[in-house]
Amino acid sequence: MKVLLLKDAKEDDCGQDPYIRELGLYGLEATLIPVLSFEFLSLPSFSEKLSHPEDYGGLIFTSPRAVEAAELCLEQNNKTEVWERSLKEKWNAKSVYVVGNATASLVSKIGLDTEGETCGNAEKLAEYICSSEEVKGIS
């Protein structure tokens, strides 16, 4: 039987999309059709804001895409050196919150220390942030 999967192909360690591999084990022939596309629209604005940590109380990364956007800002505008030299340290002096462990792992790769990764969703993270900021005396 043929199966139509509405998703992008993602290669795993075996070099094959895990859905195609798993469905094939059950005799199913899967075809992948990408139905979504993604484009970062606000990179120049985000890049400018990343350059001025003094204007903000912290960062909240809500997804791996948000981390990808930060990385693109640093790469596209040759800010990697200034990031390493001073910006990273300035952002680390502030709270850097994340939703989930996968996002936390990516944020740590750009050198930032995270909080809230175990919250699991936006509602719980918001509660965590509010209680953390109250403890810090910021609210």
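Positions are given from 1, in the same order as the sequence printed here.
In terms of hydrophobic clustering, with Ile, Leu, Val, Met, Phe, Trp and Tyr side chains grouped at heavy-atom distances under 4.5 Å, Ile110 and Tyr97 are assigned to different clusters. Follow the hydrophobic side-chain contacts under 4.5 Å out from Val107 and you never reach Leu72; the two are in separate clusters. Put simply, Ile60 and Val98 are part of two different groups of oily side chains (I, L, V, M, F, W, Y) that touch within less than 4.5 Å, one to the next.
Ring geometry, Trp91 versus Tyr56: the interplanar angle falls under 30°, so the pair is classed parallel (tilted spans 30 to 60°).
The backbone N or O of Ala102 sits nowhere less than 3.5 Å from a side-chain atom of Ser105 that would complete a donor-acceptor pair. A donor-acceptor pair under 3.5 Å links the side-chain atoms of Lys79 to the main chain of Ser47, judged by distance alone.
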- Task: Could you walk me through whether Lys124 and Glu127 pass salt bridge (Lys or Arg N to Asp or Glu O under 4.0 Å), step by step?
- Result: CA-CA 5 Å; Lys124 289 180 182 175; Glu127 292 171 5; over 6 Å; no
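Checking Thr31 against Lys2 by side-chain atom types alone, no donor-acceptor pair falls below 3.5 Å.
Counting all heavy atoms, side chain and backbone alike, Asp17 lies closest to Tyr19 at OD1-N, 2.8 Å. Here the closest heavy-atom approach between residue Val99 and residue Thr62 is recorded as CB-O, 4.0 Å. Taking both residues in full, the closest heavy atoms of Gly111 and Asn92 are given as O-ND2, 2.8 Å, listed atom of the first, atom of the second, then distance. In plain terms, the two heavy atoms of Thr114 and Ala104 that are nearest each other are OG1-CB, 3.8 Å.
At a threshold of 4.5 Å between non-hydrogen side-chain atoms, the residues Leu50 and Leu87 do not count as touching.
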